[in-house]
Amino acid sequence: MALKVLREGAPPDEAARFERATVALATLAYVEGVVHALGGGRTTTGLPYLVMDLVRGRSLRSELERGVLDPREIVLF
């Protein structure tokens, strides 16, 4: 499992975006290639969090740091 927690002090629009993404991810649970959301909520200090399957592999960030991706790579990513 993986746990994603919104950082403390994040702007309100970032918190709202995080929560919308959490709901969207939950609705895509049946789509192949989309990580499964297992749950979510708020910490005791009020920070939103998401529990999801842990997916091992390359990160999108590391791939983008290489530069522009070939469209064929994007499909395989």
Side-chain angles (χ1 to χ4, degrees):
M1 281 192 275
L3 178 64
K4 184 174 186 176
V5 181
L6 187 66
R7 65 185 169 83
E8 193 167 349
D13 64 320
E14 191 174 328
R17 190 170 47 247
F18 182 92
E19 291 179 332
R20 283 193 309 270
T22 299
V23 170
L25 185 59
T27 62
L28 295 173
Y30 64 91
V31 177
E32 183 180 342
V34 175
V35 67
H36 295 129
L38 304 172
R42 289 191 172 269
T43 65
T44 56
T45 59
L47 297 174
Y49 69 88
L50 172 64
V51 181
M52 58 191 144
D53 286 338
L54 177 62
V55 177
R56 300 202 183 271
R58 304 175 310 212
S59 72
L60 178 58
R61 176 176 290 176
S62 68
E63 292 301 308
L64 292 175
E65 287 172 350
R66 293 184 327 156
V68 177
L69 298 177
D70 182 300
R72 292 171 292 197
E73 289 181 296
I74 294 170
V75 172
L76 296 175
F77 191 83

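Here the structure is a predicted model, which is why all the values come from computation and not from measurement. In this chain, numbering begins with 1 at the start of the sequence shown.
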remark   = Smallest heavy-atom separation, L3 atom then V51 atom, equals CD1-CG2, 3.8 Å

note = Closest non-hydrogen contact found for L47 with E8 is CD2-CA, 3.8 Å

message = If I compare all heavy atoms of G39 with all of L50, which pair ends up nearest, and what's the gap?
response = O-CD1, 3.3 Å

query = Is R56 close to L54 at the side-chain level, that is, under 4.5 Å between some pair of heavy atoms?
reply = yes

query = Are any non-hydrogen side-chain atoms of M1 and L38 less than 4.5 angstrom apart?
reply = yes

key: Joint hydrophobic cluster, L6 plus L25, side-chain heavy atoms closer than 4.5 Å   = yes

N/O donor-acceptor pairs under 3.5 Å from side chains in residues 13-24, not counting sequence neighbours:
| residue | atom | partner | partner atom | Å |
| --- | --- | --- | --- | --- |
| E14 | OE1 | R7 | NH2 | 3.0 |
| E19 | OE2 | R42 | NH2 | 2.4 |
| T22 | OG1 | F18 | O | 2.9 |

message = Tell me whether V55 shares a hydrophobic cluster with L28, the cluster being built from Ile, Leu, Val, Met, Phe, Trp, Tyr side chains joined at under 4.5 Å.
response = yes

